[in-house]
Peer 1: 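Have a look at the structure that comes next, please.
Both backbone and side-chain heavy atoms feed into the values below; hydrogens, waters and symmetry mates do not. Residue numbers begin at 1 in each chain, while the letters A, B, ... track the order of the sequences.
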Amino acid sequence: MDRKVRVRFAPSPTGALHIGGVRTALYNFLFARKYGGDMLLRIEDTDSSRFVPGAEAYIVEALSWLGIEIDEGIGAKTSGKHAPYRQSERKAIYKQYVQQLLDAGLAYIAFDTPADLEAKRTEIPNFQYDAKTRTIMTNSLTLDSDEVETRIKQGEQYVVRIKIEPNQEIKVQDLIRGEVVVNASVIDDKVLFKSSDELPTYHLANVVDDYLMEISHVIRGEEWLPSAPLHVLLYQYLGWTSAMPQFAHLPLLLKPDGNGKLSKRDGDRLGFPVFPLNWKDPKTGETSSGYREAGYFPEAVINFLALLGWNAGTEQEIFSMTELIENFSLDRVSKSGAKFDYEKGKWFNHKYLQSKSIDEITDIFQHILVEKDIIEDTEKVQKIVKLVRERANFVTELWQQASFFFVAPTTYDAKTVQKRWKEETPQQMQALISVLENVPDLKSETTENIVKTWISENEYNLGAIMNAFRLCLVGEPKGPHIFDITELLGKEETIQRIQKAIITI
RNA sequence: GGUCCAUUCGUCUAUCGGUUAGGACGCCAGGUUUUCAUCCUGGAAAGAGGGGUUCGACUCCCCUAUGGACUACCA
């Protein structure tokens, strides 16, 4: 690698950033960091009709939440030397290269309207605008130059198309897939520029910007592989072959069930987020859930995503961002698409939840409590977090695991009542109250000893007593060690709950 | 339809010609436990099919099948 590594993530601001796009951004970032290069963020907004307000800000916020840092371009701390980084703001730049191509006879002007093209497509099966068909279309190759000029002067809309020389092999060197060879005859004379909004299309803008921004490696999704030969050709036509970046086309993220590319719909359908952050579409008002709001740690999302299509070649599963950077390499990226395994995503988050400090989890949980109008002593919340965190996958699940610490049960799980609440239970519980009243403090260990002694002295069934006791305190057959619960609840509350259960059940 | 890419347990994957084909998620069983969960132990589970090449193929080549992407004045 003889030149400075510079990669870019170049999304189009058409909505929320898809999780597949996040992974592309991540791989770019890891690659840049690994080789001490630059990570750029460029906004590809050459389709004015698909622009969605707020999408750009969403992308920047999402990447920032995930810890994918931008060195240059949109969202970077300092504006880079290749500004602007929004393609809509680079109109003048592209025009110059369009003209260069036109002058060299490597591109031409076409007046065919969308309706004309549509007609041709229905008329001719497998119609493709190329060397064979451009002779029957309305363009600067079939019209004489005066007429072309007149039409333009009269304000007729046109597009500029690349003039592809057929019957030649175009080779694309892909870092992940090796050499891909395509015959130029099968690619069409793609639109490079449209007069209607004075903007280039993706293909041209992308090549021009990558060249101007000195991009060394283009790391993008596999959906771009079919158009990579066109891009290679564009580098040739523009005379930039020696500066052409290296390509790496990433495998796609697939639906967990069936097949096909993972889409926004799958999230709704299967019940998991496909976006990093919550998103409300300003046009449709439709909302989509995000990983952040679902309770995921950014580290977990990163770890999960990193392993979907890449592995270190070791048996390590948990990687910090630093470890990912150290270990990342493009030649360990797999070639085939990866089905999105949401269950494994949950497991990653569980792992991270367990490895975080109690302080950090407590802090997050305190916020959840405040939202529920519960103000509780930090020390006590810490103790609760310690007791319940191992049974949660998400901080958001902490509440359902620990709510009974804050709110006494009002209902009792019917199944458990049937199983654990027998005829003799109320009087046993009543007796238990007397026992507890005589325990000086409700320290877990001492209470346990005293209660267990009482149980054996009376020859009660340990399970019967304990499960009924739990039912009184929690209302459900769940939760941590029972005497840890009573210690935190305190004597008064514990006894009250038993009394309430005796009356209610 | 055409072009391109891909194909190892249900899923993510390791293997870069010689392995009892390894790990992880999930699943099942057992253990720990007063409950649920965690945790621990164990288990079931894979080279799409067919041809080659080779002393020897999951691994290299070809064909078939299957899946996917692309095929817009979208990116």
Peer 1: For the C1' atoms, the ones on B:C9 and on B:A48, what distance do you get once it is rounded to whole angstrom?
Peer 2: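 14 Å, rounded to whole Å.
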Peer 1: Determine the Euclidean distance between corresponding C1' atoms of B:C55 and B:A14; express it in Å to zero decimal places.
Peer 2: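 Here B:A14 and B:C55 have their C1' atoms 27 Å from each other.
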Peer 1: For A:Asp130 and B:U3, what is the distance between atoms CG and C1' respectively, to the nearest whole Å?
Peer 2: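 It is 13 Å, rounded to the nearest whole Å.
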Peer 1: Hey, does the side chain of A:Asn303 reach the backbone of A:Glu317 with a donor-acceptor pair shorter than 3.5 angstrom?
Peer 2: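 At least one qualifying donor-acceptor pair exists.
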Peer 1: Is it true that a side-chain atom of A:Asn458 and a backbone atom of A:Trp454 form a donor plus acceptor pair closer than 3.5 Å?
Peer 2: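 Judged by distance alone, yes, a pair lies under 3.5 Å.
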Peer 1: Applying a 4.0 Å non-hydrogen cut-off, can you work out what A:Asp112 is touching in the nucleic acid: base, sugar-phosphate, or nothing?
Peer 2: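 If one applies the 4.0 Å heavy-atom cut-off, A:Asp112 turns out to touch a base.
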Peer 1: Mark yes or no for whether A:Asp112, through its side chain, and A:Thr138, through its backbone, hold a donor-acceptor pair below 3.5 Å.
Peer 2: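 The answer is yes, because a donor-acceptor pair under 3.5 Å joins these two groups.
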Peer 1: Could you please name the option among B:U11, B:C36, B:C4 that lies closest to any side-chain atom of A:Lys339?
Peer 2: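 Shortest atom-to-atom distance from the side chain points to B:U11.
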Peer 1: May I ask you to evaluate whether A:Thr46 reaches the phosphate of B:A75, defined as a side-chain N or O under 4.0 Å from OP1 or OP2?
Peer 2: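 For B:A75, OP1/OP2 do have a side-chain N/O of A:Thr46 under 4.0 Å.
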Peer 1: Using the side-chain heavy atoms of A:Glu390, tell me which of these nucleotides is nearest: B:C4, B:A37, B:A75.
Peer 2: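 Per side-chain heavy atoms of A:Glu390, the pick is B:A37.
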Peer 1: Using atom C1' of each nucleotide, how far apart are B:U19 and B:U8 to the nearest Å?
Peer 2: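 Each nucleotide's C1' atom is 14 Å from the other's.
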Peer 1: Just how far, in rounded Å, is P of B:C36 from CD of A:Glu476?
Peer 2: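 To the nearest whole Å, that distance equals 13 Å.
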Peer 1: Under a 3.5 Å limit for both distances, which nucleotide forms a Watson-Crick or G-U wobble pair with B:U34, could you say?
Peer 2: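 Paired with B:U34, as far as the under-3.5 Å criterion goes, is no nucleotide at all.
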Peer 1: Does a side-chain N or O of A:Ser334 approach OP1 or OP2 of B:U13 to a distance below 4.0 Å, or not?
Peer 2: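 Answer yes for this pair, as a side-chain N or O of A:Ser334 is under 4.0 Å from OP1 or OP2.
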Peer 1: Mind checking the P distance from B:G50 to B:A72? Whole angstroms is fine.
Peer 2: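 Roughly 39 Å separates the two P atoms.
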Peer 1: Ignoring hydrogens and angles, are the base of B:C5 and the side chain of A:Arg177 linked by a donor-acceptor pair under 3.5 Å?
Peer 2: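 Flag unset: no donor-acceptor pair detected.
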Peer 1: Say whether A:Thr446 and A:Asn449, considering side chains only, have a donor N or O and an acceptor N or O under 3.5 Å apart.
Peer 2: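 No, because no side-chain N or O of A:Thr446 sits under 3.5 Å from a partner of the opposite role on A:Asn449.
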Peer 1: For A:Ser12 and for A:Arg420, find the nucleotide of RNA chain B with the closest heavy atom, then tell me which residue's nucleotide is more 5'.
Peer 2: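 Nearer the 5' end of the strand: A:Arg420.
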Peer 1: Which whole number of Å gives the distance between the P atom of B:A6 and that of B:A44?
Peer 2: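 Rounded to whole Å, the distance is 34 Å.
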Peer 1: How about A:Asp209 and A:Tyr94: does a side-chain donor come under 3.5 Å of a side-chain acceptor?
Peer 2: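 Per modelled atom types, A:Asp209 and A:Tyr94 side chains form a pair under 3.5 Å.
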Peer 1: Could you measure between the two C1' atoms, the one in B:G10 and the one in B:G47, and give it in whole Å?
Peer 2: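 It comes out at 16 Å once rounded to the nearest Å.
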Peer 1: Looking at the rings of A:Phe304 and A:Trp347, which for Trp means the six-membered one, are their centres under 6.0 Å apart?
Peer 2: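 No, they do not, as the ring centres are separated by 6.0 Å or more.
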Peer 1: Kindly point out which of B:C73, B:U35, B:U7 is positioned nearest to the side chain of A:Ser336?
Peer 2: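 Ranking B:C73, B:U35, B:U7 by closest atom to the A:Ser336 side chain puts B:U7 first.
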Peer 1: Just by modelled atom types, is the A:Pro409 backbone N or O under 3.5 Å from a matching donor or acceptor in the A:Lys500 side chain?
Peer 2: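 Such a contact is found between A:Lys500 side chain and A:Pro409 backbone.
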Peer 1: Report the nucleotide, chosen from B:C5, B:U3, B:C73, that has the shortest atom-to-atom distance to any side-chain atom of A:Ser196.
Peer 2: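 Per side-chain heavy atoms of A:Ser196, the pick is B:C73.
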Peer 1: Taking any heavy-atom pair under 4.0 Å as a contact, classify A:Leu307: base, sugar-phosphate, or nothing.
Peer 2: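 Sugar-phosphate contact only.
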Peer 1: Let me know the distance between CG of A:Asn206 and P of B:C74, rounded to the nearest Å.
Peer 2: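 Atom CG in A:Asn206 sits about 15 Å away from atom P in B:C74.
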Peer 1: Could you tell me if the ring centre of A:Trp310 sits under 6.0 Å from that of A:Tyr27?
Peer 2: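 They do not qualify: ring centres at least 6.0 Å apart.
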Peer 1: If B:G18 has a Watson-Crick or G-U wobble mate with both distances under 3.5 Å, name it; if not, just say none.
Peer 2: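 With both distances under 3.5 Å, B:G18 matches B:C55.
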Peer 1: Could you please name the option among B:G1, B:U34, B:G22 that lies closest to any side-chain atom of A:Asn126?
Peer 2: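 Taking heavy atoms from C-beta onward, the closest nucleotide is B:G1.
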Peer 1: From CZ of A:Arg389 over to P of B:C39, roughly how many Å is that when rounded to an integer?
Peer 2: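 Computing the A:Arg389:CZ to B:C39:P distance gives 12 Å.
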Peer 1: Can you give one letter per nucleotide of nucleotides 57-72 of chain B, going 5' to 3': B for a protein heavy atom under 4.0 Å from the base, S for sugar-phosphate only, - for none?
Peer 2: ----------SSSS--
Peer 1: Indicate yes or no: does A:Asp47 engage A:Arg50 in a salt bridge with an N to O separation below 4.0 Å.
Peer 2: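 A salt bridge links A:Asp47 with A:Arg50.
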Peer 1: Using atom P in both nucleotides, what's the gap between B:U41 and B:U32 to the nearest angstrom?
Peer 2: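 Result for the P pair: 15 Å, nearest Å.
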Peer 1: Tell me: CG of A:Leu308 to P of B:A14, nearest whole Å?
Peer 2: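 Going from A:Leu308 (CG) to B:A14 (P), I get 13 Å.
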Peer 1: With under 30° as parallel and over 60° as perpendicular, where do the rings of A:His18 and A:Phe275 fit, or are they tilted in between?
Peer 2: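 Rings of A:His18 and A:Phe275: perpendicular, as their planes differ by over 60°.
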Peer 1: For B:U15, does either OP1 or OP2 sit under 4.0 Å from a side-chain N or O belonging to A:Arg332?
Peer 2: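 True: A:Arg332 side-chain N/O within range (under 4.0 Å) of B:U15 OP1/OP2.
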Peer 1: For A:Lys419 and B:C36, give me the distance from atom NZ to atom C1', rounded to whole Å.
Peer 2: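 The distance from NZ of A:Lys419 to C1' of B:C36 comes to 11 Å, rounded to the nearest Å.
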Peer 1: Send over the distance from A:Lys194 NZ to B:C73 C1', rounded to a whole Å.
Peer 2: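 After rounding, the reported distance stands at 7 Å.
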Peer 1: Is it true that A:Lys255 and A:Asp266 make a salt bridge, defined as a side-chain N closer than 4.0 Å to a carboxylate O?
Peer 2: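 Looking at A:Lys255 and A:Asp266, the cut-off is met.
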Peer 1: Can you name the one residue among A:Phe394, A:Tyr291, A:Tyr296, A:Phe340 that meets ring pair (Phe, Tyr, Trp, His ring centres under 6.0 Å) with A:Phe272?
Peer 2: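 Among A:Phe394, A:Tyr291, A:Tyr296, A:Phe340, the one that satisfies the ring pair (Phe, Tyr, Trp, His ring centres under 6.0 Å) with A:Phe272 is A:Phe340.
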Peer 1: Out of A:Lys356, A:Lys351, A:His350, which one pairs with A:Gln354 under the side-chain hydrogen bond (donor to acceptor under 3.5 Å, both in side chains) rule?
Peer 2: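 Exactly one candidate clears the test, A:His350.
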Peer 1: Taking only the side-chain nitrogens and oxygens of A:Asn467, find out if one of them lies under 4.0 Å from OP1 or OP2 of B:U34.
Peer 2: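 It does not, given that no N or O in the side chain of A:Asn467 lies less than 4.0 Å from OP1 or OP2 of B:U34.
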Peer 1: When you compare B:C61 with B:C27, how far apart are their C1' atoms, in angstrom units rounded to a whole number?
Peer 2: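 To the nearest whole Å, 39 Å.
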Peer 1: I need the NZ-C1' distance between A:Lys255 and B:C12, as an integer number of Å.
Peer 2: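 Atom NZ in A:Lys255 sits about 19 Å away from atom C1' in B:C12.
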Peer 1: Does B:G1 have a Watson-Crick or wobble partner in any strand here, with both distances under 3.5 angstrom, and which is it?
Peer 2: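 Looking at the geometry, B:G1 pairs with B:U71.
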Peer 1: Could you work out which one of B:G23, B:C12, B:U3 sits closest to the side chain of A:Glu315?
Peer 2: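 It is B:G23.
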Peer 1: Can you list, by residue number, the residues of residues 340-355 of chain A that have a non-hydrogen atom closer than 4.0 angstrom to RNA chain B?
Peer 2: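 Residues of residues 340-355 of chain A that come under 4.0 Å of RNA chain B are, in numerical order, A:Asp341, A:Glu343, A:Lys344, A:Trp347, A:His350.
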Peer 1: Using Watson-Crick or G-U wobble geometry with both distances under 3.5 Å, which nucleotide pairs with B:A6?
Peer 2: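 B:A6 is paired with B:U66.
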Peer 1: Across the strands shown, which category fits A:Gly309 at heavy-atom distances under 4.0 angstrom: base, sugar-phosphate, nothing?
Peer 2: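 Sugar-phosphate contact only - A:Gly309 comes under 4.0 Å of backbone atoms but never of a base.
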Peer 1: Base, sugar-phosphate or nothing for A:Pro256? Non-hydrogen atoms, less than 4.0 Å.
Peer 2: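 No contact.
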Peer 1: Applying the Watson-Crick and G-U wobble criteria at under 3.5 Å, what pairs with B:C27? Answer none if nothing qualifies.
Peer 2: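 Paired with B:G43.
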